[in-house]
There are 2 protein chains.
Amino acid sequence: MVTLATVSRAAGVSTATVSRVINQPEKVDKRTRELVEKTIKELGYRPNHYARTLASKTSRTIGVIVNRFASTYYGQMLEGVETALEVHGYKTIAESSRESAKGEQEALTSLLDRQCDAIVMHTNQLTDAQLRPLLQEKQPIILLNRHLEGYCQRCIYLDNEAAGERAANYLLDCGHRQIAMITGSDEFHEALARTKGFRRAFEKRGLELNEDLVVKSRFGFKGGYDGFKQLQKRAVPYTAIFFQSDEMAIAGIEAAQEYGLSAPADFSVLGFDDVEAAQYLTPKLTTMRQPLNEIGKAAGLLALAEFTGKQEFFDGKREFEATVKQRASVTSLGS
Amino acid sequence: MVTLATVSRAAGVSTATVSRVINQPEKVDKRTRELVEKTIKELGYRPNHYARTLASKTSRTIGVIVNRFASTYYGQMLEGVETALEVHGYKTIAESSRESAKGEQEALTSLLDRQCDAIVMHTNQLTDAQLRPLLQEKQPIILLNRHLEGYCQRCIYLDNEAAGERAANYLLDCGHRQIAMITGSDEFHEALARTKGFRRAFEKRGLELNEDLVVKSRFGFKGGYDGFKQLQKRAVPYTAIFFQSDEMAIAGIEAAQEYGLSAPADFSVLGFDDVEAAQYLTPKLTTMRQPLNEIGKAAGLLALAEFTGKQEFFDGKREFEATVKQRASVTSLGS
DNA sequence: CTGATATATGAAAGCGCTTTCATCAAGTGA
DNA sequence: TCACTTGATGAAAGCGCTTTCATATATCAG
């Protein structure tokens, strides 16, 4: 194995000098530097990341924790973080929590043990009380789509309430009145907030939201499929459905087929996320576009800013807005 | 910071003993062990992963390199690797190559520098010649869906040729003769193999594959969309289309709408992958099911077996088969 | 030419852990 | 009882690097 010492011996200098060539080249005489650089190349020396981190106490890597890898939702955020950090010479490593509190906790300590300089995490299984102590680490931890009292500085999130409200308003503006909503699971702050905002839109207009039309379900295809069936069972008329994720909407549309119903002919559907598939479906899905990539970027940059203490990395934008992406699955009711 | 030394002092033992309690508890007297364990807990001590790895030269983690995070295809494999390793107390960390040769190379050295005990990688940008030297590391590197002369021991793959052949045969058996194919990009070994197998099926039956009906495109939604349009431009009649990925198929079906065509009424479509969305589309997508999760698991286990030298981790199955998942998008042509 | 300042380098201590080797006490069989 | 194994523990070296501090040489103003 080629180590610093190997190189230093070969070049006839001390290990300190070789180290300097790598980390602060300007502090080394040009001739020495070139000699060392040549030797490094010839020997194919690659610094041992672990030794380096151990000695310097910084690893130039940011850890990211997501719920699942096999989901575009998290994947897009992840890519956002990655691209933002790459520019500044930082690496991203990812772990998944497999949707369990234990997993979230383990991933966090694992990443901490790996000396990540900062951590970006999406957490919904851990309660506020469980989470708080974990946040005491000296490495900054950025929370995705989660609000924690007194920890706002380090939260990046979509304003899900506003998004829910906007979704309702859009449907309302299209003339719909009997609007159903299939929600994501309670466990997710996102779902709760979207529901709350949705309700508020009705209140503000002095309209009543028919509670029989809101069915609690789960994110993911299956959740949309089951949710739709449940809605049908209630036999309450509706002209539009708001699904709290695109995956749910896709599956819901399919479920409708089994009842001989089809969107948007029989009812309008509004999704959420704007996954890549949304624009390639039949009907093309009208959905609440969520800037997943930018959210990821912001989180990455905030992590960097917090870790380095250089605020210029981060532009201060912690809150993002979802916007209506109009396509074909929502139709206006003729007034 | 609580270190080994802190604990050892508090417990009144040597650091060696504390270390043993953690790594080989059976070698420590029960009473001492319990005392140390108690102290560890009280102090909230967590071993420093870096120091540990540096000293022991093993990190108990496997690195995985995928092309992109925001794709279910890789996500599912990743989850497969993860679940397989978790059981054995190994961690998985992932990096993405962002679909570039440079990215693949960087991810590899980064993971190597991180002392991953073994690496599982999906690589298609690096040429065989570029790849070979990288494989010389002492850490075993497992290749996903790639064949490398003389490196078969460490390759896990879907038999894409057989899959392509099977796809063609299925369509042929359904009575289709004018079959179009939209391929993935040449850069991917997967695409080439599927095409090859597809061709072979025709040859074996003494049938001719109309070359005007095969259009080279790219994986991903856009590739399917563009591919279909290109196919239309050629104005050659067909009764079925084989898309080399589900994403392509989804987008292709949508593109067809723009021509007033719809599947399966106007033509059958066969996809590839069986992504979760496939069963929730209209029409439900008939597709070549690829056991992504199992492939990931196998790769993880093989990595473990190679690293530890314990062959019992791995069951020897390196090659996987795709099977036809019949749903609604392919119809039989009345004979 | 002198003392002060800047620049380039090396020696050596440490980062937090594992592991080898030596030590010591306790147990064993003859 | 003695020589001998066995088991539990500690001292200390070392993993590959960074960084502080001291040293040595070069540079400069006066």
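Here is how names work: the chains are called A, B, and so on, in the same order as the sequence lines, proteins then strands, and each is numbered from 1.
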Donor-acceptor under 3.5 Å (A:Arg146 side chain, A:Thr123 main chain) = yes
Is the shortest distance from a Lys or Arg side-chain nitrogen in B:Lys30 or B:Glu34 to a carboxylate oxygen in the other one below 4.0 Å?
-> yes
DNA chain C: 5'-most and 3'-most nucleotides touching chain A, 4.0 angstrom heavy-atom criterion | C:dA8 to C:dG16
Mind telling me whether B:Tyr157 and B:His147 have parallel, tilted or perpendicular rings, with 30° and 60° as the class edges?
-> tilted
Residue whose nearest DNA chain D nucleotide is more 5′ - B:Val28 or A:Thr17 = B:Val28
Check each residue of residues 31-42 of chain B for a non-hydrogen atom within less than 4.0 Å of any atom in DNA chain D, then write out the ones that pass by number, or none.
-> B:Thr32
So, does A:Gln76 use its side chain to make a donor-acceptor pair with the main chain of A:Leu292 at under 3.5 Å?
-> no
CG on B:Asn124 to CG on B:Asn67, rounded to 0.5 Å = 4.5 Å
For B:Lys297, does the NZ atom sit with more than 12 other heavy atoms under 6.0 Å from it, leaving out its own atoms?
-> no
Reckon A:Ser19 touches a base, only the sugar-phosphate, or nothing at all at heavy-atom distances under 4.0 Å?
-> base
Spacing of A:Thr58 atom OG1 and A:Tyr90 atom OH [to the nearest 0.5 Å] = 5.5 Å
Identify, with sequence neighbours excluded, every residue that meets side-chain contact (heavy atoms from CB on, under 4.5 Å) alongside A:Lys138.
-> none
Here the gap from B:Met77 atom CE to B:Leu144 atom CG, rounded to the nearest 0.5 Å, amounts to 5.5 Å
Say whether, by atom type as modelled, one donor and one acceptor occur between the side chain of B:Arg68 and the main chain of B:Glu99 under 3.5 angstrom.
-> no
Which residues, if any, of residues 45-62 of chain A bring a heavy atom under 4.0 Å of DNA chain C?
-> A:Leu54, A:Ala55, A:Lys57
DNA chain C-proximal residues of residues 2-10 of chain B, any heavy atom under 4.0 Å | B:Thr3, B:Leu4
Give the rounded distance in Å between these two atoms: CG of B:Asp29 and P of D:dG10.
-> 11 Å
Hey, is CD on B:Glu26 packed in by over 12 heavy atoms from elsewhere, all under 6.0 Å?
-> yes
Pairs where residues 52-75 of chain B contributes a residue and the test ring-ring contact (aromatic ring centres under 6.0 Å, His included) is met, not counting sequence neighbours | B:Tyr74-B:His122
N/O donor-acceptor pair under 3.5 Å between B:Asp117 side chain and B:Arg60 backbone = yes
